[in-house]
Novice: 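Structure provided below as structure tokens; questions to follow.
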Amino acid sequence: MSFDEYFDVVVIGAGHAGCEAASAAARIGAQTALVTLNLDLIGQMSCNPAIGGIAKGHIVREIDALGGIMGRVIDRTGIQFRLLNRSRGPAVQSPRAQADRGLYRIEMRRMLEETPNLHLRQGLVVELVIENGRVLGIELQDTRRIRAKAVVVATGTFLNGMIHTGRRTYAAGRAGEPASTDLADNLKKLGFSIGRLKTGTPPRLDGRTIEWDKFETQPADEKPVPFSFFTETIEQPQINCFIGYTSEDVHQTIRSNIHESPLYSGQIKGIGPRYCPSIEDKVVKFPDKDRHQLFLEPEGHYTHEVYLNGFSTSLPAELQQEIVRKIDGLNEARVIRPGYAIEYDFIDPRSLTPLLETVLVKGLFLAGQINGTTGYEEAGCQGLVAGINAAHSVLNRKGFTLRRDEAYIGVLMDDLISHGVDEPYRMFTSRAEHRLSLRYDTADTRLSPYGRELGLIGDGEWERFNSRRDNLKRLRNLVEQIRFSRSSETYKMLHSKFGVELGDVITLPQIFHRFQTDFSFLRTLLPSSSHFSDVEMQTVFADLLYMNYVNSQQHTSERLHQHDNLKIPVDFNFRLINGLSHEMVERYERHCPINFGQARRIPGITPAASAALLVNLKV
């Protein structure tokens, strides 16, 4: 068979998974081609123009620590940075940034075009060229053939994509772009187990038609927390987002027209994301709620387009306009892009090895929504791993994987490959049994040595990493050595401040644990000659805060695995388990496990739910 071009690795799709895969493979040293339908839409944010969020921000930090590019791109194009969960513990705090959608796309393409060994190609892939169970390359709709020793498929929602707006349906990968039907058929013929999932988007509004003073202002953080460990400062101006609410009038209009929703007419068969429901789902499933929160998020500095977060819908376009105008502050708002639902094919991720290589076809790797996930961040980390392993397979290097106790990425990979998915998979902190040690601020210490070994962390970046690691070590040693005796002036000040007996000697860690003092006060107790950043202070004292919990958590994890053969009675009532969420009960009841081992391996079951079940089984 003749080919028009020859590469080591070909990546199909230039969404968030494809960009990471192509960048990693090329920088590792493989001659790589990134093939996409439209080169102008590389890195397109087809849904929410934001990166990060609860647990998702952890993933982006881990991508960055390994040498990926998502964190750097959002740091250069983010227009509103916020650290979420500030009032809660450090383990569940997570960065999020609103992006300038257009600039993000431009910056991503710029980075890829400047990457050595990486070549961009435009075209629609219609078939994988397979011979004797091994991928040989791809064929494009325009008849070009490209030879490859490894192929990464990162097609997002394009496989047999079908858009729904009211009763109207049409084939599309996303609004304005064609679906990939030939490649979807090709994968079916190869014998892959195919399922159907659904996601959706809200309408976009013209910001000039919004009464902004009717909404609550949500400002950016005064000191933005970057995603990349190698970003010094956030340079671009920050904007405000806004918070609003639906009303009973909105809900009643939706109820009266629910038959127009393809979600409830039976038109849509795919399963949607549980934690990102449409406004129709919210109204139907939570009838006791008289309002639902909305976020109005401007899409960039140079556009009036506004993303109505929290209002995902597939109702008819004219009905969307009517309902939007029933929201206080949007009475004159114009919809410039209606929301829609999209169904698409995915491949059962249990057909993958831990390297994201398919079992059926050697040299074929899958990454992103094709594996049943939802979200830019979940896609990006899969792309990174798939790109690394595709390049390694070509260069005869060992495969790269991460354990559950090393990274959220390891949790995601293990969940997908071990359990599969029965709904679009989204990462949460509750999925990670080791979340107390998988904080967003420790991603570099956990993973950057891997990034360096892989060849994705450069000399300057490695030098900065080592400097930070050395500073943390010095600060830990210093903190452990500081103690105050009764005769010292500091001891007297502490006694006066806290008004309790402190003993003959009190150490700095003891002060922190006993009185939960903030970092600014603890800094005053350090020698005046010491100079450590706020970030370094937070990391070291968060380690102290969780030390005992981490040790206890490790013991609990070991204990869980010792009871896999513990039988579950046929008439066991999961609803009687104290503190178990409705979702966990639903999953247990749906799968009817006969022993504890089966129960803890059910897709989506959290470590906390497993621990609660174990306690009840042993009573």
Side-chain angles (χ1 to χ4, degrees), residues 1-13 17-18 20-35 117-119 121 125-140 144-155 159 180 182-195 345-373 379 381-402 409 412-414 416-418 420 454:
M1 183 179 293
S2 62
F3 291 91
D4 298 283
E5 290 189 282
Y6 295 78
F7 295 97
D8 294 321
V9 175
V10 165
V11 178
I12 304 173
E20 292 290 350
S23 172
R27 286 185 292 134
I28 284 172
Q31 289 296 322
T32 304
L34 176 59
V35 182
N117 305 322
L118 181 54
H119 312 269
R121 296 291 183 270
V125 178
V126 296
E127 188 172 349
L128 299 171
V129 180
I130 310 291
E131 186 177 280
N132 297 324
R134 171 175 281 281
V135 69
L136 293 184
I138 62 171
E139 183 172 335
L140 303 180
R144 283 180 295 167
R145 286 199 183 102
I146 300 177
R147 178 77 164 89
K149 299 174 184 176
V151 172
V152 179
V153 182
T155 45
L159 289 182
S180 180
D182 290 332
L183 182 58
D185 292 341
N186 181 221
L187 289 167
K188 285 180 183 177
K189 290 176 183 176
L190 289 171
F192 286 101
S193 176
I194 306 291
D345 287 351
F346 80 102
I347 291 177
D348 187 341
R350 290 173 294 186
S351 63
L352 301 172
T353 74
L355 307 180
L356 291 184
E357 185 177 23
T358 67
V359 175
L360 282 176
V361 179
K362 193 70 176 170
L364 180 63
F365 298 79
L366 308 181
Q369 283 178 280
I370 193 173
N371 291 335
T373 61
C381 72
Q382 291 175 71
L384 179 63
V385 173
I388 290 168
N389 286 315
H392 280 200
S393 71
V394 169
L395 301 172
N396 295 317
R397 300 178 186 172
K398 67 178 182 179
F400 174 72
T401 60
L402 290 167
I409 297 174
L412 180 144
M413 303 283 286
D414 183 57
L416 291 179
I417 294 163
S418 300
L454 291 165

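We count residues from 1, following the sequence as given. Side chains included, hydrogens not; waters and symmetry mates left out as well; all remaining heavy atoms used.
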Novice: Would you please name every residue forming a salt bridge (charged side-chain N to carboxylate O under 4.0 Å, His left out) with Asp182, sequence neighbours left out?
Specialist: none
Novice: Kindly state each residue pair satisfying salt bridge (Lys or Arg N to Asp or Glu O under 4.0 Å) with at least one member in residues 355-365, sequence neighbours excluded.
Specialist: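 Of all non-adjacent pairs touching residues 355-365, those that pass salt bridge (Lys or Arg N to Asp or Glu O under 4.0 Å) are Glu357-Lys362.
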Novice: Please name all residues satisfying side chain to side chain contact (heavy atoms under 4.5 Å, CB included) with Val361, sequence neighbours left out, ordered by chain then number.
Specialist: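 Listed in chain order: Ile130, Val135, Phe192, Thr358, Leu364.
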Novice: Would you call Leu128 and Val151 a side-chain contact if the rule is heavy atoms closer than 4.5 Å?
Specialist: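 Leu128 reaches Val151 side chain to side chain.
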Novice: Within a strict 4.5 Å, meaning less than it, do heavy atoms of the Val35 and Ile138 side chains meet?
Specialist: yes
Novice: Hey, are the side chains of Ile28 and His392 touching, using non-hydrogen atoms and a 4.5 Å cut-off?
Specialist: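 Yes, close enough: below the 4.5 Å cut-off.
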Novice: Check whether any side-chain heavy atom of Gln382 lies under 4.5 Å from a side-chain heavy atom of Leu416, and answer yes or no.
Specialist: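 Yes. Closest side-chain heavy atoms under 4.5 Å.
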Novice: Can you name the residues that form a side chain to side chain contact (heavy atoms under 4.5 Å, CB included) with Ala386, not counting sequence neighbours?
Specialist: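 Applying side chain to side chain contact (heavy atoms under 4.5 Å, CB included) to Ala386 gives Val152, Leu356, Phe365, Ala367.
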Novice: Among Leu118, Leu34, Val153, which residue meets the side chain to side chain contact (heavy atoms under 4.5 Å, CB included) test with Val11?
Specialist: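 Only match with Val11 under side chain to side chain contact (heavy atoms under 4.5 Å, CB included): Leu34.
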Novice: Look at Lys149 together with Asp8 and state whether they make a salt bridge at an N to O cut-off of under 4.0 Å.
Specialist: yes
Novice: Taking only residues two or more places apart in sequence or in another chain, which ones pass salt bridge (charged side-chain N to carboxylate O under 4.0 Å, His left out) with Asp414?
Specialist: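 Expected list: Arg404.
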Novice: Holding to side chain to side chain donor-acceptor pair (under 3.5 Å), I want the full list of residues that pass it with Asn117, two or more places apart in sequence or in another chain.
Specialist: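 If we apply the side chain to side chain donor-acceptor pair (under 3.5 Å) test to Asn117, skipping adjacent residues, the hits are Gln31.
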Novice: Do Leu183 and Val126 touch side chain to side chain, with heavy atoms closer than 4.5 Å?
Specialist: no
Novice: Provide the full list of side chain to side chain donor-acceptor pair (under 3.5 Å) pairs with a residue in residues 347-356, sequence neighbours left out, each pair given once.
Specialist: Asp348-Arg350
Novice: Could you work out, with ring-ring contact (aromatic ring centres under 6.0 Å, His included) as the rule, every residue matching Phe7, not counting sequence neighbours?
Specialist: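 For Phe7 the ring-ring contact (aromatic ring centres under 6.0 Å, His included) partners, ignoring immediate neighbours, are His119.
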Novice: List in chain and number order the residues that pass side chain to side chain donor-acceptor pair (under 3.5 Å) with Arg144, two or more places apart in sequence or in another chain; answer none if no residue qualifies.
Specialist: Asp142
Novice: Does any part of the side chain of Val125, heavy atoms only, come nearer than 4.5 Å to the side chain of Ser180, both counted from C-beta?
Specialist: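 A side-chain contact is absent here, since even the closest heavy-atom pair is not under 4.5 Å.
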Novice: If every non-hydrogen atom of Ala26 is compared with every non-hydrogen atom of Thr32, which pair is closest and at what distance?
Specialist: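 For Ala26 and Thr32, the tightest heavy-atom pair comes out as N-OG1, 3.4 Å.
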Novice: Under 4.5 Å between any side-chain heavy atoms of Glu5 and Arg121, yes or no?
Specialist: yes
Novice: Any idea which heavy atoms bring Pro354 and Thr401 closest together, and the distance?
Specialist: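 Pro354 and Thr401 have their closest heavy atoms at O-CG2, 3.6 Å.
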Novice: Quick one: list whatever passes side chain to side chain donor-acceptor pair (under 3.5 Å) with Arg397, sequence neighbours left out.
Specialist: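 Arg397: no side chain to side chain donor-acceptor pair (under 3.5 Å) contacts found.
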Novice: Which heavy atom in Gly368 sits nearest to a heavy atom in Thr373, and how many Å separate them?
Specialist: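 What the structure gives for the nearest pair is O-OG1, 3.2 Å.
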Novice: With sequence neighbours excluded, tell me which residues meet side chain to side chain donor-acceptor pair (under 3.5 Å) with Asn389.
Specialist: none
Novice: Quick one: salt bridge (charged side-chain N to carboxylate O under 4.0 Å, His left out) partners of Arg147, sequence neighbours excluded?
Specialist: none
